[in-house]
Amino acid sequence: MRRGALALVGALLLGLGATTPAAPLARLRVCADPDNLPFSSERGPDRGLYVELAELVAARLGAPAEYFWWRSYFGRRTVRNTLLSDECDAYFGLPYDTSFMSQTVALTRPFLDMGYAVIAPRSPGLAAVDDLKGRRVAVQFSSSPQLLLSERGGFQLVTFREPEAALDALARREVDAAFVWGPVAGYVNKQKLGGAYQVSPVAGPGLQWQAAVGVRKREESLRLAIDAELAQLGPDIARLAVKYGFPSGPTIGFERVSRSRVPLLAADNPVAAAPPDTVRAGRSLFNQYCSHCHAPNALSPEPSRDLRRLRARYGDKMRDVAVSTMTEGRPTKGMPTWGDVLNAEAIGKILTFLESVQN
Amino acid sequence: MKRVTPLLSLLCLLCLASISAADSGAAWGVYGGDTANTRYSSLDKINTGNVQQLKVAWALQLGSVRSQESTPILVGDTLYVTSSFGPKNVFAVDAKTGTVRWRYSPDVPGGIDQFACCDVNNRGVAYANGKVFVGRLDGHMVALDAKTGAELWKTQVVDYTQGSVITSPPTIVKNLVITGFGGGEYGARGYLSALDQDSGKEVWRFWTVPGPGEPGNDSWKGDSWKYGGATAWLIGSYDPALNLIYYGTSNPSPWGGSIRGLDSGNYGIMTNLYSSSTLALNADTGKLVWHYQSTPHDVWDYDGVNELVLADVTVNGQKTPAMFKADRNGFFYVLNRQTGKLISAQSYVPINWATGVDMTTGRPIEVPDKRPRFKFRAMNICPNLLGGKNWHPMSYSPQTGLVYIPSINLCMDMEGAEPAYKRGSFYLAFEFDLGKSGPGGYMSELMAWDPVKQQKVWGNKDALPWLGGTMTTAGGLVFHGDVRGWFKALDAKTGKQLWQFQTGSGVAAAPMTYELDGKQYVAVVSGRTFSIPVFLGPIGKQMVDASPEGGTLFVFELPSP
């Protein structure tokens with residue numbers, strides 16, 4: 001019974017003559033947390049970005065969205081209890097990462113960047129995470145910021161089980177800033193705190209991610225159908241991100257950096273000239289800042305993101321293109337601007353590493 | 001290691017190999033056979049001479065088919081047994097016929113399994129003064145009328161939605177019922193809670209992670225003590241003469257060592273007390289009398305929860321109250337249970353993360369490159385996080401002087417790097433590859449261990465992990481199960497297999513035995529682990545293939561003459 005809808009989608013995509021994904025899909029069953037704004041809510045009035053997006057996708061597929069409400073906790077288990085138990089067909093908001101449940105779950109293209117952010121009073125303004133050294137910084141238990149700030153040292157961490165509690169502490173001035181999941185910080189700032197705070201996404205390992213829609217691995221036709229709709233929904237997703245207060249400000253790094261332009265290296269053959277240490281350092285930086293989109297060690301299975309093809313694609317212009325892309329970003333293609341985060345030396349090292357892995 | 005061996009030899013020259021167990025005998029009124037957790041029975045009607053004739057007397061379907069870990073207890077002529085998943089069912093059964101006298105089936109909240117760190121287990125009940133006490137996954141302790149199964153009271157011990165669940169039977173002391181809970185992975189701060197048996201009201205609580213101003217709070221970096229783990233999720237022991245209760249505690253949390261301390265084998269004072277430790281508390285007050293931390297500043301998930309088996313051992317010619325612990329970290333510890341002083345420690349499985357235990361400090365001598373860190377992948381660490389032994393109980397026979405350990409021989413790679421997802425947010429979790437068989441190619445070994453000489457006497461190696469808990473009897477027998485569903489009887493002196501029965505599903509739970517009207521019975525619960533294979537890759541596949549899931553209590557007897 002539950003398989004019925006999917007069988008119809010499959011038939012549709014296998015080419016029974018339909019050119020638009022319309023009537024045949026009876027319904028789109030979506031798993032969602034009943035109480036997890038800004039992502040989803042059963043009660044409303046805000047229904048959450050994932051629910052509104054699911055509505056848009058379902059409408060374009062010509063099928064009503066139905067919801068299986070399930071209080072999520074740990075992701076893998078939630079996915080097993082819902083999507084993999086056939087309680088729903090699509091799970092919005094899984095980390096777009098090839099190693100996430102890859103045996104059982106297939107992911108669509110990423111539809112939204114999201115990550116951790118520092119939320120702090122607008123004045124005096126924050127240019128780098130290190131500006132918070134010596135201050136009280138709220139973090140969530142077992143989150144990437146808790147780990148990274150502990151590794152870095154010099155911060156007074158105040159730990160909370162949930163990000164909402166960290167933001168409550170910020171509002172009560174019990175902490176000077178909170179370094180928590182950006183969408184939650186942005187939403188609470190907008191809804192509860194009157195937008196009084198600055199919310200700055202932070203670049204670093206394990207901090208910036210992309211969200212995708214997950215389906216059961218074998219249901220490739222449904223994955224493709226949703227994927228095709230997501231490709232068309234960019235402007236709507238951007239509108240929803242604004243509506244729910246997702247952080248959009250400039251990304252900050254841990255250290256203050258100079259804004260000098262990256263000098264182009266003159267060496268004709270920088271690979272041969274580069275000492276192995278530089279390649280190693282570049283790879284390390286790459287894995288910190290670039291790998292969540294371009295795969296660890298640049299081994300991306302997705303051709304459009306495979307940076308081992310830079311030389312093949314751009315030939316002699318490879319370095320110029322790479323430097324300007326890194327420095328200025330390609331906002332329309334989801335490539336962030338790194339010029340404020342990585343200095344010239346760091347970008348140079350990453351380039352040296354990339355030179356060493358060209359096909 | 002160099003420092004351990006001479007001391008150990010000296011110790012064993014001076015001591016005669018005489019050990020006497022605490023109370024144990026024909027009754028099996030508590031999970032571990034007695035409050036010393038010896039799992040030894042003085043019954044000998046079933047023995048090495050006739051065990052070959054053992055046959056099924058009756059069986060009971062438990063009504064759930066997943067990860068059974070329960071040991072029944074006998075009160076009068078009633079057997080009390082639980083199923084997994086909540087428990088989904090608690091049964092009171094006529095111990096002779098298997099006729100169900102009552103069944104208690106609590107409403108377990110939907111989706112509870114995602115809050116249980118490791119599986120939806122239940123290990124059984126405790127009994128006192130006409131009441132049966134059951135700890136539930138939803139964080140509640142309930143008292144049932146032993147005659148009717150009616151719920152007399154229900155007390156919330158902990159909020160399960162924070163990832164804290166109760167899976168083990170409580171410890172009974174005088175008018176108290178004492179329980180811990182699990183959740184070391186999910187940011188609980190552990191405690192033991194003593195409830196009044198009549199009212200269910202809390203009498204005392206002991207936090208296993210000291211708060212500000214308490215001794216040991218400075219063993220945590222910053223405010224990491226707030227969610228420090230150290231939960232006491234397994235079985236307690238009780239020594240009535242000393243009036244001390246003993247519990248082991250879990251790993252500290254979260255995983256990243258830098259959050260809790262110096263993230264190094266040179267941890268200084270930041271040992272994260274009282275995680276991965278053995279605790280001795282005054283049973284009346286819950287006050288800490290002594291503690292011994294087996295894995296300071298743990299990053300391997302070497303819980304220190306394994307059961308403490310209480311027995312007396314002769315040290316330097318003096319009878320000494322001792323306790324044995326086959327720790328997850330791979331060392332077999334003998335401690336003075338009155339003082340907490342370390343008597344001896346020796347690795348009982350292949351280990352490589354430490355070379356031995358420093359007898360002066362009582363601490364492991366670490367091998368630095370086996371301590372995983374953020375962005376440092378430690379390779380081929382033995383044992384893996386399932387430990388040299390997991391929750392499956394060992395047993396101790398005063399007849400042979402040996403401890404029967406269901407040991408594990410697996411290794412792992414570990415580092416902090418994996419993407420994970422929690423309620424809408426993504427983060428880096430620690431990543432591990434547990435699916436590596438240990439040195440020698442075998443994955444488990446049922447071993448007889450001499451706790452005085454600290455050496456193996458015999459061992460039966462197995463190609464698959466997850467051997468069942470053990471029981472030993474005055475009949476010269478050791479009973480245990482395996483993941484293929486075999487339930488076996490061995491000669492306690494030699495390890496030779498004398499009998500086996502195919503239960504149809506993996507057996508991890510430990511058996512028990514009882515006598516009624518002059519007849520001895522042996523009981524064991526069958527039902528293969530569900531969640532452990534998930535962690536083990538191809539090895540896990542072999543475990544899944546070894547037997548289907550199940551949930552059955554089997555009771556065996558000798559044929560009538």
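Remember, it's a predicted structure, so these values are computed and weren't measured experimentally. Chain identifiers are assigned alphabetically (A, B, ...) following the order of the sequence lines, protein sequences preceding nucleic acid strands; residue numbering begins at 1 within each chain.
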Can you pull out every side chain to side chain donor-acceptor pair (under 3.5 Å) where at least one residue sits in residues 149-159 of chain A? Sequence neighbours excluded, please.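 Residue pairs passing side chain to side chain donor-acceptor pair (under 3.5 Å), neighbours aside: Asp130(A)-Arg152(A), Glu151(A)-Ser258(B), Arg152(A)-Glu255(A), Thr159(A)-Asp223(B).
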Partner chain B: residue of Glu162(A), Arg71(A), Gln146(A), Met101(A) with the largest heavy-atom pair count (under 4.5 Å) =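 Max contact count across the listed options: Gln146(A).
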Chain B interface, residue from Pro38(A), Gly206(A), Ser142(A), Gly153(A) that has the most non-hydrogen pairs under 4.5 Å:
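When all of Pro38(A), Gly206(A), Ser142(A), Gly153(A) are compared, Ser142(A) has the most.
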Does Lys349(A) make a cation-pi contact with Phe286(A) (under 6.0 Å, within 45 degrees of the axis)?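 Relative to the ring axis of Phe286(A), which defines the angle, Lys349(A) lies outside at least one limit.
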Which answer fits [X], side chain, backbone, both or neither, if we ask what part of it has an atom under 4.5 Å from a heavy atom of chain B?
X	answer
Phe39(A)	side chain
Phe155(A)	neither
Leu148(A)	side chain
Asn36(A)	both

Please lay out, stage by stage, how Asn189(A) and Ile119(A) fare under the test side-chain contact (heavy atoms from CB on, under 4.5 Å). CA-CA 8 Å; Asn189(A) 188 38; Ile119(A) 172 168; 3.9 Å; yes
key: Donor-acceptor pair between Ser40(A) and Asp33(A) side chains, under 3.5 angstrom   =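 Their side chains do not contain a donor-acceptor pair, so the 3.5 Å distance test is not met.
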Check: Between Ser84(B) and Ser64(B), is any side-chain donor less than 3.5 angstrom from a side-chain acceptor?
Finding: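 Ser84(B) vs Ser64(B): donor-acceptor pair found between side chains.
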Exercise. By a 4.5 Å heavy-atom criterion (distance strictly below it), what part of Ser253(B) contacts chain A: side chain, backbone, both, or neither?
Worked result: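 Both backbone and side chain of Ser253(B) come within 4.5 Å of chain A.
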Practice task
Can you sort out the partners of Lys221(B) under salt bridge (charged side-chain N to carboxylate O under 4.0 Å, His left out), two or more places apart, ordered by chain and number?
Solution key: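 Result, salt bridge (charged side-chain N to carboxylate O under 4.0 Å, His left out) vs Lys221(B): none returned.
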